[in-house]
Novice: 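Starting off with a structure, shown below.
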Amino acid sequence: MPDKTVNELLKDVFKDTHVDAAVKHFQNMVADYQKSDWADASAKAGKFIESVMKALWVRAGETVPKGKDFKVGKIITDLERKPDAAGIPDTVKLTIPRACRFAYEIASNRGARHDADEIDANEMDASTVVSLCSWILSEMVRFSQKGLDLAEAQNIVEGLMRRKFPLSEEIDGRIYTQIGQSAPEVAIGILFEIYPKRMAKDELVKTLKRHEFSDNNANVALARIKKYVDIDEQSRIRLRSTGVQRLDELISVASQKNLKKKR
């Protein structure tokens, strides 16, 4: 199971076409969000939710209406009204649809409810919608794989949310990154390239040394990134959410410097 893609995991329960569409829209939504395209991210979230509701509707034994006859709100309401005797699991009938209704409401009415002098409403709305969509997809994965808990499902979905940086690459299993200047910063960039997977502590030291840091600098870096990582009993390191945030800060600083150079 760990080697399966999210698509493959979902297809154990849901129809292939709707799964492929949902995952595609989810990845496009994340890509737009990571580029700060709040409006496009919200629009893709709406398409993701539409695909999810089609998948749930078919799982409930129904046929998806054609074209304009398909309406997310109506499908959600119709699912909720299904009798218990129909034997539809609550996850399909109630839990996921209710999250979809809330997310779809925000995505569909983006920017329509806010005053001009408020904090950027588009960003707030997009952040909320992306988080909800991540939970929805994780819950679908959990439901598709009996015995998998939500934390494990969320870990799988995080792989889809990993930002694709042209500043990092992998060659024959060796990671190289141009992210960061100091050894601790480069270490965070390296760990993010494989996120959410783990890297052995010794391998991270070797990788830092390939980036022309001394053995001492590499080992000091491990001590300085402790608040950004989790280290398991086998001394394997994984980036935490604080590390992802730190990497976003590094990318933002680098982008601002590039803009100044262009000017």
Side-chain angles (χ1 to χ4, degrees), residues 6-35 37-114 121-145 150 153-154 156-157 160-161:
V6 171
N7 300 60
E8 291 170 333
L9 294 173
L10 292 173
K11 287 176 183 178
D12 286 348
V13 170
F14 301 106
K15 188 174 180 180
D16 291 11
T17 53
H18 301 319
V19 165
D20 289 337
V23 173
K24 180 189 73 172
H25 293 315
F26 182 87
Q27 290 178 306
N28 289 339
M29 171 196 71
V30 171
D32 286 335
Y33 180 77
Q34 291 173 340
K35 293 184 293 185
D37 291 340
W38 316 127
D40 287 344
S42 293
K44 302 291 172 40
K47 293 182 180 296
F48 165 75
I49 293 164
E50 289 169 2
S51 298
V52 167
M53 289 313 306
K54 289 177 181 178
L56 297 181
W57 192 236
V58 171
R59 173 63 178 76
E62 301 291 348
T63 301
V64 176
K66 300 288 185 180
K68 294 182 179 179
D69 291 331
F70 172 79
K71 298 184 185 301
V72 169
K74 184 177 186 305
I75 293 295
I76 293 174
T77 299
D78 289 347
L79 263 179
E80 291 176 340
R81 291 175 177 172
K82 288 283 186 183
D84 293 340
I88 303 170
D90 281 350
T91 297
V92 172
K93 179 181 174 181
L94 301 172
T95 309
I96 296 176
R98 286 172 178 172
C100 285
R101 188 191 293 278
F102 182 48
Y104 199 70
E105 170 66 19
I106 297 174
S108 299
N109 295 286
R110 180 190 53 78
R113 309 175 307 284
H114 305 280
N122 290 350
E123 181 177 359
M124 289 193 301
D125 290 351
S127 296
T128 301
V129 169
V130 168
S131 295
L132 279 168
C133 289
S134 175
W135 181 89
I136 289 166
L137 190 59
S138 299
E139 179 63 13
M140 290 177 72
V141 170
R142 185 204 62 77
F143 176 74
S144 299
Q145 303 298 314
L150 186 56
Q154 288 174 330
I156 292 169
V157 171
L160 290 178
M161 300 185 72

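Positions are given from 1, in the same order as the sequence printed here.
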Novice: Applying side chain to side chain contact (heavy atoms under 4.5 Å, CB included), can you list everything that pairs with Asp32, at least two apart in sequence or on another chain?
Specialist: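 For Asp32 the side chain to side chain contact (heavy atoms under 4.5 Å, CB included) partners, ignoring immediate neighbours, are Lys35, Asp37, Asp40, Ala41, Lys44.
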Novice: Output yes when Lys24 and Asp20 qualify as a salt bridge under the 4.0 Å nitrogen-oxygen rule, no when they do not.
Specialist: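 No.
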Novice: If you measure from OG1 on Thr91 to CE on Met140, what distance do you get to the nearest 0.5 Å?
Specialist: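 Rounded to the nearest 0.5 Å, the OG1-CE separation comes out at 11.0 Å.
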Novice: Would you confirm whether Lys93, through its side chain, and Lys82, through its main-chain N or O, come within 3.5 Å as a donor-acceptor pair?
Specialist: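 Such a contact is found between Lys93 side chain and Lys82 backbone.
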Novice: Check for a donor-acceptor pair, side chain of Trp57 on one end and backbone N or O of Thr63 on the other, with a separation under 3.5 Å.
Specialist: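 At least one qualifying donor-acceptor pair exists.
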Novice: Does CG in Asp69 sit with more than 12 non-hydrogen atoms of other residues, nucleotides or ligands closer than 6.0 Å?
Specialist: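 Yes - once you tally the heavy atoms of other residues, nucleotides and ligands closer than 6.0 Å, there are more than 12.
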Novice: Tell me, do Phe14 and Leu56 make a side-chain contact under 4.5 Å, heavy atoms counted?
Specialist: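 Counting from C-beta outward, Phe14 and Leu56 do come under 4.5 Å.
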Novice: Does CZ in Phe70 sit with more than 12 non-hydrogen atoms of other residues, nucleotides or ligands closer than 6.0 Å?
Specialist: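 More than 12 heavy atoms, drawn from other residues, nucleotides or ligands, come within 6.0 Å of this atom.
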Novice: Got a second to check how far Met53's CE is from Arg59's CZ, nearest 0.5 Å?
Specialist: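 Going from CE on Met53 over to CZ on Arg59, the span is 13.5 Å.
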Novice: Please round to the nearest 0.5 Å and tell me the distance separating atom CD of Glu105 and atom CD1 of Ile49.
Specialist: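 Going from the CD atom of Glu105 to the CD1 atom of Ile49 covers 10.5 Å.
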Novice: Hey, what do you get for CG (Leu10) to NE2 (His18), rounding to the nearest 0.5 Å?
Specialist: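 Spacing of CG (Leu10) from NE2 (His18) equals 13.0 Å.
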Novice: Could you tell me if the side chain of Ile75 sits less than 4.5 Å from the side chain of Pro65, heavy atoms only?
Specialist: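 They are in side-chain contact.
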Novice: Using a 4.5 Å cut-off on heavy atoms from C-beta on, say whether the side chain of Cys100 contacts that of Val72.
Specialist: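 Counting from C-beta outward, Val72 and Cys100 never come under 4.5 Å.
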Novice: Measure across Ala45 and Val129 and return the closest heavy-atom pair with its distance rounded to 0.1 Å.
Specialist: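 Here Ala45 and Val129 meet closest at CB-CG1, 3.1 Å.
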Novice: Is there a donor-acceptor pair closer than 3.5 Å between any side-chain N or O of Gln145 and the backbone N or O of Leu9?
Specialist: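 It does hold such a pair.
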Novice: Counting only N and O atoms by type, is there a donor-acceptor contact under 3.5 Å from the side chain of Thr77 to the main-chain atoms of Gly73?
Specialist: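 Here the side-chain-to-backbone pair exists.
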Novice: Please give me the minimum heavy-atom distance between Ser51 and Ala21, naming the atom from each residue.
Specialist: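 It is OG-CB, 3.5 Å.
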Novice: Just do the side chain to side chain contact (heavy atoms under 4.5 Å, CB included) check on Glu50 and Tyr104 with the steps written out, would you?
Specialist: CA-CA 9 Å; Glu50 289 169 2; Tyr104 199 70; 2.8 Å; yes
Novice: Can you tell me how far apart CG (Leu137) and CD1 (Ile96) are? Round to the nearest 0.5 Å.
Specialist: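 Between Leu137 CG and Ile96 CD1, I get 9.0 Å after rounding to 0.5 Å.
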Novice: Tell me, do Val92 and Phe143 make a side-chain contact under 4.5 Å, heavy atoms counted?
Specialist: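 SC-SC contact between Val92 and Phe143 confirmed.
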Novice: Would you mind reporting whether Val157 and Phe26 have side-chain heavy atoms less than 4.5 Å apart?
Specialist: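 The answer is yes, as the side chains (C-beta and beyond) meet within the 4.5 Å cut-off.
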Novice: Between the side chains of Tyr33 and Ser42, does any donor sit under 3.5 Å from an acceptor?
Specialist: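 Checked: Tyr33/Ser42 side chains show no N/O donor-acceptor pair below 3.5 Å.
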Novice: Return the OG1 to CH2 distance between Thr95 and Trp135, rounded to the nearest 0.5 Å.
Specialist: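 Separation between the atoms: 6.0 Å.
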Novice: Verify the neighbour count for atom NZ of Lys15: are there more than 12 heavy atoms of other residues, nucleotides or ligands below 6.0 Å?
Specialist: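 At most 12 heavy atoms, drawn from other residues, nucleotides or ligands, come within 6.0 Å of this atom.
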Novice: Test salt bridge (Lys or Arg N to Asp or Glu O under 4.0 Å) on Glu139 and Arg142 and set out the steps.
Specialist: CA-CA 5 Å; Glu139 179 63 13; Arg142 185 204 62 77; 2.7 Å; yes
Novice: Using the side chain to side chain contact (heavy atoms under 4.5 Å, CB included) rule, take Glu80 and Arg98 through it: C-alpha gap first, then chi angles, then the decisive distance, then the call.
Specialist: CA-CA 9 Å; Glu80 291 176 340; Arg98 286 172 178 172; 3.6 Å; yes
